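First comes the structure, then the notes that go with it.
What you see is a predicted model; the values in this text were computed from it and never measured. Letters go in sequence order (proteins before strands), and every chain restarts at 1.
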Number of protein chains: 2
Amino acid sequence: MIPVLLADDETLIRSALATMLDLEDDIDVVAHVESGEELLALWRRRVDAGEPVAVAVIDLQMAGIDGVDTAEQILLLTPGAGTMIVTSHGRPGYLKRALTAGVRGFLPKTTPAATLAAVIRTVHSGGRYVDPELAADAISAGDSLLSAREADVLELAADGSSVEEIAQRAHLSMGTTRNYLSSAMAKLGVSNRYEAALKAREHGWI
Amino acid sequence: MIPVLLADDETLIRSALATMLDLEDDIDVVAHVESGEELLALWRRRVDAGEPVAVAVIDLQMAGIDGVDTAEQILLLTPGAGTMIVTSHGRPGYLKRALTAGVRGFLPKTTPAATLAAVIRTVHSGGRYVDPELAADAISAGDSLLSAREADVLELAADGSSVEEIAQRAHLSMGTTRNYLSSAMAKLGVSNRYEAALKAREHGWI
DNA sequence: GCCGGGCGATGACAAAAGTCATGCGCCGGA
DNA sequence: TCCGGCGCATGACTTTTGTCATCGCCCGGC
């Protein structure tokens with residue numbers, strides 16, 4: 001039996017996944033929780049109790065700490081632990097972040113159900129699995145064109161702030177802020193910061 | 001047995017929900033599909049074959065026609081049919097749209113799993129169920145402040161288009177477009193269209 | 001029958017946003 | 001050591017936005 005922990009903030013989905021996985025005879029969903037914090041607490045408790053969990057299946061977007069950060073913390077506690085991310089939004093940037101953090105499975109929620117169990121087994125036995133389409137996207141997307149400051153400023157621009165607000169929040173002058181926005185827009189091939197922010201977000205760069 | 005049809009574009013979620021619902025002994029998930037179009041086609045086929053489906057459980061956000069539109073079409077085919085919406089994003093505007101369309105169940109995906117089956121039974125027996133929190137939000141949110149054109153124009157502004165593009169797509173002059181944007185911004189209490197679009201979206205008004 | 005409000009448009013103006021050239025300091029690689 | 005790139009900043013300039021006053025048309029309610 002593979003002891004599995006499940007984290008997803010959508011209770012309905014989480015319960016349904018747990019029910020489905022429990023029908024597999026080599027998978028045991030020991031618990032499911034609704035946040036990264038709870039997952040970490042539970043993971044620690046199981047380790048301390050001498051009943052470690054083998055694989056954590058984590059939703060990418062959750063309130064509080066997100067899926068990748070959660071996985072990162074788990075891997076700090078238990079290097080080589082089996083962690084995998086499940087997500088609705090398959091953005092290449094997240095995949096890259098996840099793989100860098102040491103996550104061994106990355107699946108969009110559009111994956112056929114049978115794949116999930118299969119990937120849990122793969123991850124449990126030390127293997128890796130990344131959704132092929134996402135992998136292709138990530139490869140074609142390549143690295144971020146944006147410099148660190150350009151990305152910062154774009155991120156602050158994403159909620160519709162004025163240059164003045166962005167400048168204040170980034171501790172920059174307004175002129176500098178506009179320069180960064182301008183160069184980010186040029187790199188992304190768009191003509192205003194909102195499009196730039198949207199595009200950068202698509203690429204997973206901010 | 002209550003014959004149920006399930007539509008959600010996330011295969012993993014859809015299969016998991018189907019598996020879970022099939023464990024209930026009075027619910028029979030006759031099929032699950034990944035789009036509103038497929039759901040409609042299947043619904044029609046079942047009606048023609050004399051084996052009508054009792055309840056359609058539909059995800060709100062899908063590629064192609066969305067959950068509410070799908071439900072609306074179903075209710076056109078089979079007035080009084082049991083339709084319910086399940087969603088990740090509980091925005092009050094959607095709830096209102098859904099109820100107006102005749103949908104009898106509206107649940108966020110954060111609902112406990114047991115509720116889903118219970119609501120299917122409620123809807124099947126002619127009742128209604130709306131998530132209490134969402135209902136409260138919808139009541140406090142109130143009606144849209146925006147006129148039809150203001151909402152149109154804001155929606156077109158949401159992807160970062162210039163006034164010129166918005167004007168073209170809305171078949172308006174640039175001046176008129178700016179006037180609508182301006183009045184929408186005033187009504188929403190913000191100082192640019194991107195903030196306005198974000199705020200309107202939060203309220204479910206666009 | 002009149003009034004208000006939505007819809008559509010103009011024109012003029014002020015305020016943001018975006019562009020460009022240019023400057024300085026710092027760091028890291030050739 | 002020198003060059004290039006990044007980070008940060010100014011200033012001057014153009015374009016795009018946002019605001020406002022004003023106009024006309026049509027519709028629905030009083």
Side-chain angles (χ1 to χ4, degrees), chain A residues 93 96-97 100 141-206, chain B residues 93 96-97 100 141-206:
Chain A
K96 180 163 300 184
R97 252 185 80 210
T100 307
D143 262 329
S144 176
L145 295 167
L146 304 175
S147 75
R149 280 301 164 289
E150 284 163 1
D152 288 350
V153 167
L154 258 197
E155 187 151 18
L156 293 170
D159 64 354
S161 306
S162 65
V163 169
E164 195 174 355
E165 285 173 315
I166 299 171
Q168 272 174 18
R169 288 198 277 162
H171 305 290
L172 291 173
S173 77
M174 283 178 60
T176 305
T177 303
R178 290 199 299 201
N179 288 151
Y180 284 136
L181 288 171
S182 185
S183 69
M185 285 156 47
K187 286 179 181 175
L188 292 165
V190 298
S191 53
N192 67 56
R193 23 200 233 208
Y194 309 100
E195 276 183 292
L198 293 174
K199 199 154 191 170
R201 199 163 267 174
E202 264 174 44
H203 286 300
W205 294 344
I206 61 172
Chain B
K96 180 163 299 187
R97 251 186 80 209
T100 307
D143 261 330
S144 175
L145 295 167
L146 305 176
S147 75
R149 280 301 164 288
E150 284 163 1
D152 287 350
V153 166
L154 257 197
E155 186 150 19
L156 293 171
D159 64 354
S161 306
S162 65
V163 169
E164 195 175 354
E165 285 173 315
I166 299 171
Q168 273 174 17
R169 289 199 276 161
H171 305 289
L172 292 172
S173 78
M174 284 177 60
T176 304
T177 302
R178 291 200 302 209
N179 288 151
Y180 284 136
L181 288 172
S182 184
S183 69
M185 285 156 49
K187 286 179 180 175
L188 292 165
V190 296
S191 54
N192 66 55
R193 30 201 224 208
Y194 308 101
E195 278 182 292
L198 293 175
K199 198 153 191 171
R201 198 163 267 174
E202 265 174 42
H203 285 299
W205 294 344
I206 61 171

Protein-nucleic acid N or O pairs under 3.5 Å, nucleotides 8-14 of chain D:
from: D:dC8; atom 1: OP2; to: A:Arg149; atom 2: NE; distance (Å): 2.6
from: D:dA9; atom 1: OP2; to: A:Ser173; atom 2: N; distance (Å): 2.8
from: D:dA9; atom 1: OP2; to: A:Thr176; atom 2: OG1; distance (Å): 3.4
from: D:dT10; atom 1: O4; to: A:Asn179; atom 2: OD1; distance (Å): 2.9

Short heteroatom pairs, N/O only, protein and nucleotides 26-30 of chain C, under 3.5 Å:
none

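In this structure, B:Lys199 has no side chain to side chain donor-acceptor pair (under 3.5 Å) partners at least two apart in sequence or on a different chain. Legend: residues meeting side chain to side chain donor-acceptor pair (under 3.5 Å) with B:Ser173, ordered by chain and number and at least two apart, are B:Thr176. Here A:Arg178 pairs with nothing under the side chain to side chain donor-acceptor pair (under 3.5 Å) rule; sequence neighbours left out. For A:Ser183, the side chain to side chain donor-acceptor pair (under 3.5 Å) partners are A:Glu150, not counting sequence neighbours. The salt bridge (charged side-chain N to carboxylate O under 4.0 Å, His left out) check on A:Arg169 picks up A:Asp159, with sequence neighbours excluded.
Checking the phosphate oxygens (OP1, OP2) of D:dT16, no side-chain nitrogen or oxygen of B:Ser162 falls inside 4.0 Å.
Evaluation of the ring pair (Phe, Tyr, Trp, His ring centres under 6.0 Å) test over residues 147-171 of chain A, restricted to residues two or more places apart or in two chains, returns none. Counting only residues at least two apart or in different chains, ring pair (Phe, Tyr, Trp, His ring centres under 6.0 Å) contacts with residues 172-201 of chain B comprise A:Tyr194-B:Tyr194.
Of the residues in residues 186-193 of chain B, not one comes within less than 4.0 Å of DNA chain C through any heavy atom.
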What one-letter contact string describes nucleotides 23-30 of chain D from 5' to 3', where B marks a base within less than 4.0 Å of any protein heavy atom, S marks contact via sugar-phosphate atoms alone, and - marks no contact?
--------

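Rounded to 10 degrees, the angle separating the terminal helix axes of the helix from C:dG1-D:dC30 to C:dA30-D:dT1, each built from five base pairs, is 30°.
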